[in-house]
Amino acid sequence: QHVHVNDHAFWLQRTDEGIMQAWAEDDLDIARAQGYAHAMDRGTQLYFVRIIGQGRLSELLADNEETNQVDTFIRQAGFHREAKQVVKNLDQFTLEYLQAYAEGVNAFNGSAPLELAIAGVAPEPWTPVDSVVLLKLLSFLGLAETQQNAEKWFIQQLKHGNEDTVEVLRQVFSPMLNGITPELVELIRETNVDRTYIPKELFKLVPRARASNNWAVSGAKTKSGAALSASDPHLEVNRLPGFWYEMVCYGRKSASEFQAGITLPGIPGVMMGRSNKLTWSFTYGFSDMLDYYIEDCEEESCRGFDGKMKPLTKIVERILRKSGEPLDVYIYETQHGLLELSDPRREGIPQKGKYLSRATSTKYGGASIIGALRAVPNVSSVEEACKLVAPSEVATNFIFTDLAGRVAYQQGGTLPKRKNPFIYGVQNTDDVNTGLLPLPGWLESSAWEGKYPPSEHKTVVDPEDNMYATANNNQNVVGKPMLFSLHMGSYRSDRIYDQLKDSNELTLDDFKKLQLDLYSRQAEAFMNVLRPMITVDHGEAGRILSSWDLHYDVNSLGATVFEIFYQELLNDMFEPMLGGARLTFKSSDLMIAFFHYFDRFLLESAESEFWRGQTRAQFFARVLGQVSAMLDSRPELLITWGERQQFVFNNVLFQGKFPFGFLDYGPVPMAGNRATVKQGQFFETMDGRVGTFAPSWRMVSDQSEYRMWTSLPGGPSGCPFSGIYDSQVQEWLNGEYHLIELSHKSFLIAEDH
């Protein structure tokens, strides 16, 4: 297909698998081609997420209490409001890239996506602001939102808990919560704390990102002598169409011959992938870019640094509705950030008192990564690539490889500079600021001192062991301020290093095998304590665990029994001390992301008053006895891991409500778990919706070859009636890959047309 956009032209053709290829003149025409392809294949995804990010669901799609709540949250969060300011301040390099992409989207003159046509929605022209809104929305959900939920959970526990609560939080999250004082607890208990913040309905509509893996090895460790790369970002995958859109782009006058990988409908650029010069991928970095403050408020003012009451910044946004009267949303901001009120549709402060405000370091940022994604494919060395992504406002762990066989790591994110910061890996006093506890907003000593420059972000070039891996694990540097206050632990990254460290003949087959690895280092650590305590009295549960190989394959009974044991262990230990709060993997964001902190307490605290007069091993054995009795009385619980972890790929708009499941795929089993390299987290939200965190794309690549191997849970098209709507799902489920050939010689084909 030969396409003209204003005075520009490009050519599109699909591979046998339906993956879109584009031939264009330069980077800007590539952006136009990406916009056009996204509008053609993923129009519903493109416009639907924009409507969400604008807070216009009630106006354009459906007017009910659920959409009203989502729109209210979005307006309060200010994604669209902030995006307009971001675009005003953009550099020309990034702005022209976004404008070219918008031209491509708007040039597609096909019919409106079916789902939007049914709703009577005519797509409005795409603008650069829309791309920034999308980036800010997706960067928040499951990413920055995870940090926010954890810090809010700490506040709620301190507000409603007792002395045991305080002590267990100190020990589990030591040393980050050593700064809990009686004075702070009393201040928190005086504060109005909104218990629910993000409407659960929002997560039905937009996938959450959580865990991810990426790793690379230098040519010194490979059979080919070239650097090898692997990437598998983890998202909620139980939805169709798939989140990412694979694309191969050739630029005749670009500095690189090609750029190929996953793109995100709504944003230009290859998010993760490769050129002929470079390979790049990232995981979420868990950099702490958010803090809570306690504000002393009265009417529409709060106490300032000088002790006097200062007017709050007041913003009023109006939500238009399809059938009801408009809703006004009242947004109040302090000198630190957004004031959290339980009912933002009510004007003013409900009553005199203390409230929480939330400061975020990315308020008027978020677009520099787009400019970086334009530039990265055209550079030749890992050092150049690191410099490009270091200023990114999104918290990322980038890994690069280049043609010289080299590897590099670069931290991204807008990192706030806190006064009296916690210095990682050295002895700190208890009054240092870890960023995890709320501070009095009226004290100037609580305020940030600006932000760390990109030059102070962590950079590793040519690692000593010739490899680098990230799996949302700790990236703090000893002797420097702690920038990652919470992370997901090292189970997956340790397993990756273990499997790579001893070989200097690594191949892509080794990387594929590792991406599908189901061995759990978490289970290994617990079974090392439990296995010596298993006796015949533990019955069938003990017998199964004794012979379990610690793999979470779909046919495993051991995985099922261990998970029941692990859940019971958590509840038996922590529920009494946390005011009855159950640490479940069904609805607790804290456990989904930060379970390893509780593991550390259970595995390292051999002697503790919390074992209630028992040794740790005895405590474990007693809980296993409870599990054995449970399974004896409820044999229906003893099913294989694949039977326990069943899910359906639902169409994102119809959510399984279309007759006969016509738009859905499944049910299918999910292998893996939270601590396996092949991520397979499975959870249920408070509203009963099934969610899964699993590889949303798998890629392995050898820098010496013009090809890459990938797998994606979905298909290129967002149209349910297309033959490439779910065409790659079974391949993904089978752990298979498709080959994408990359060659600049294909330009000869384009020239013939």
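Note that the structure is predicted; figures quoted are calculated from it, not measured.
- For the pair Q681 (side chain) and I592 (backbone), a donor-acceptor distance under 3.5 Å is present.
- In this structure, A230 and V700 approach most closely via the heavy-atom pair CB-CG1, 4.1 Å.
- When all heavy atoms of P669 and V554 are compared, the closest pair comes out as CB-CG1, 3.9 Å.
- Between W697 and F243, the ring centre distance reaches or exceeds 6.0 Å.
- Between W23 and W11, the gap from one ring centroid to the other is short of 6.0 Å.
- Remark: R239 fails to qualify as a cation-pi partner of F649 under the 6.0 Å distance and 45° angle criteria applied to the six-membered ring.
- The two residues M699 and Q515 make their nearest non-hydrogen contact at O-NE2, 3.3 Å.
- Judged purely by distance below 3.5 Å, without hydrogens or angles, the side chains of N238 and T692 pair a donor atom with an acceptor atom.
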Pair R698-E731, salt bridge (Lys or Arg N to Asp or Glu O under 4.0 Å): steps then yes or no | CA-CA 11 Å; R698 289 193 294 263; E731 172 188 85; over 6 Å; no
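- Between the side chain of R75 and the backbone N or O of Q54, at least one donor-acceptor pair lies under 3.5 Å.
- Cation-pi geometry between R32 and Y101 is not satisfied (NZ or CZ under 6.0 Å from the ring centre, within 45° of the ring normal).
- Ring centroids of H596 and Y491 are separated by 6.0 Å or more, keeping the two rings apart.
- Counting only N and O atoms by type, the side chains of T470 and T283 include a donor and acceptor under 3.5 Å apart.
- Here the rule is ring-ring contact (aromatic ring centres under 6.0 Å, His included) with H551, and of F562, W641, Y519 only Y519 fits it.
- Counting only distance, with no hydrogens or angles, the side chain of D63 and the backbone of S58 share no donor-acceptor pair below 3.5 Å.
- The salt bridge (charged side-chain N to carboxylate O under 4.0 Å, His left out) test with D517 is passed by exactly one of R495, K512, K678: R495.
- Closest non-hydrogen pair, C719 versus S717, comes out as N-OG, 3.0 Å.
- A pairwise comparison of heavy atoms in T396 and F282 identifies CG2-CD1, 3.8 Å as the closest pair.
- Checked for salt-bridge contact, E59 and K322 miss the test: no charged N lies under 4.0 Å from a carboxylate O.
- We find the CZ-CZ distance between R492 and R674 to be 11.5 Å, quoted to the nearest 0.5 Å.
- When atom types are taken as modelled, the side chain of S131 and the backbone of L98 share no donor-acceptor pair closer than 3.5 angstrom.
- Paired with L557 under the rule side-chain contact (heavy atoms from CB on, under 4.5 Å), one option of I544, L545, I639 passes, and it is I544.
- Residues E65 and R345 are paired through a salt bridge, judged by an N-O separation under 4.0 Å between the basic side chain and the carboxylate.
- The main-chain N or O of W732 is never found under 3.5 Å from a side-chain atom of E736 such that the two would form a donor-acceptor pair.
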